[in-house]
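If you read the sequence from its start, that first residue is 1, and numbering goes on from there. Scope of the values below: all heavy atoms of this structure, side chains included, with no hydrogens, waters or symmetry mates. Read the numbers this way: they start at 1 and go in the same order the structure lists the ligands and their atoms.
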Amino acid sequence: PRPHPTLRVRPLTCTETRRGDQQVVHSLGDGAVHVSAARHDATFGFSAVFDAGASQEAVFEGSGMRQLVELAMDGFSCTVFAFGQTGSGKTYTLMGPLGQSDTQPASPALLGLMQRSFTCLLEQSRSRASDLALSASYLEIYNEQVRDLLSPGPPCALPLRWSKSRGFYVENQLSVEFESLEAIVSLLLQGSQRRRTSAHALNRHSSRSHALLTIHVRSRAVSAIPLLGRAGGLRAQRGGANSPTVASACPSKQGTLCFVDLAGSERVKETGSSGELSVEANSINRSLLALGHCISLLAKPRGKRTHIPYRDSKLTRLLARSLGGSGITLMVACISPSSRCLSETLSTLHYASRARRVTTRP
Ligand code: ADP
Ligand code: MG
């Protein structure tokens, strides 16, 4: 199957409306979207286009997200990634407005793809005959360093390794088991909070880092596994290279569902960025370029394909499995309809159309 490039156009914000920004993006129906401005006139095709009026539920149901959840339960590596410039609606699409307010829980209608997927996953897992174990890990890549967003304490960099059996993996990443919606939503909140807290210290780094939340789904076929360290319904486990994991004890199906909130793709002005800012900008550019590069190589016909340089960035290493051989990827390109964002919007649309041609063999 091909990845499903899905486009979401957010509504104009109050600020954009107030200052009289023109709306330059128009949905034509049937997956077509038209961009028209003074010197630009282009149409792009997607599997699905969601415009300003689309609800969070419509995006969940219409993007193929529900099928992706089911595939993960069947043992596939599934990834959904949101990309686009800062402020284009990536976090909103994935998590709803929870990213912004600490105090009030988001209204159920505004919950994003993540919470909806968790609900679907838990409902399905209860209705299926086989017993499924669910666990989550949450990482961010900031300045080419992988950090654990679930580990307590100050963020520290974790090594990214490769092994024949596992492919690329993060050593010592925390993986926390959960059995309820409350538990996984609270892990999501904790992790996002950690990402944001350090964002205040390190100028707006939340849009300067890639965040990856992975749900591991495995069949609990073997009953002899000791349940260690049970605490409040959560079991935490560190997966090192040699640590005996339940997965290695039991050869049954193991699927993953990974949600990737990519750092803002906006071009960083050559002038004016210095020091820390330019280091950040370089890492983001490097990893998004590496991702784009892998995607365009993967888009070539199988026979003409050369070596795919997954090793060029941490991001592409972590996404190697889902992009390349055996994964299924849902991409959600996010754009603003405002004339002021035109050049970034066009670059997101081009990026997304390249990715459209990638095929995988799960
Ligand atoms: P990003 O993560 O791409 O930087 P955000 O998700 O934080 O962008 O969105 C930027 C702003 O636009 C936020 O205030 C968010 O609430 C708002 N927004 C984004 N998408 C939508 C939407 N579909 N409907 C309403 N508001 C939205
Ligand atoms: Mg964001």
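- Proximity of Gly84 to ligand 1 is not established, as no heavy-atom distance is less than 4.0 Å.
- The minimum heavy-atom distance between Val24 and Leu342, with the atom names listed, is CG2-CD1, 4.1 Å.
- In this structure, Tyr351 has its ring center under 6.0 Å from that of Phe83.
- Near Gln85, meaning under 4.0 Å from any of its heavy atoms, are these atoms of ligand 1: 3 (O).
- Proximity of Thr43 to Val33: side-chain heavy atoms (C-beta onward) are nowhere separated by under 4.5 Å.
- Partner of Glu16 under the side-chain hydrogen bond (donor to acceptor under 3.5 Å, both in side chains) criterion, chosen from Arg10, Gln22, Gln23: Arg10.
- Residue contact annotation: Pro11 has a non-hydrogen atom under 4.0 Å from ligand 1.
- Side-chain contact annotation: His210 with Ser287, donor-acceptor N/O pair under 3.5 Å present.
- None of the N, O or S atoms belonging to Thr86 lies under 2.8 Å away from the Mg ion (ligand 2).
- There is no side-chain donor-acceptor pair under 3.5 Å between Ser137 and Ser175.
- Inclusion of Lys90 in the set of residues having an N or O under 3.5 Å from an N or O of ligand 1 is warranted.
- The shortest heavy-atom distance from Arg8 to ligand 1 is under 4.0 Å.
- The closest approach between any non-hydrogen atom of Ser88 and ligand 1 is below 4.0 Å.
- Salt-bridge check for Asp21 with Arg340: passed, with a basic side-chain N closer than 4.0 Å to an acidic carboxylate O.
- Between His350 and Phe44, the ring centre distance stays below 6.0 Å.
- Listed by number with element, the atoms of ligand 1 under 4.0 angstrom from any heavy atom of Thr91 are 2 (O), 6 (O).
- In summary, the atoms of ligand 1 found under 4.0 Å from a heavy atom of Thr86, numbered by their order in the structure, are 4 (O).
- For ligand 1, the polar-atom distance check finds an N/O of Tyr92 within less than 3.5 Å of one of the ligand's N/O atoms.
- In summary, the atoms of ligand 1 found under 4.0 Å from a heavy atom of Arg10, numbered by their order in the structure, are 12 (O), 19 (C), 20 (N), 21 (C).
- The N/O atoms of Gly89, backbone and side chain alike, include one that comes under 3.5 Å of an N/O atom in ligand 1.
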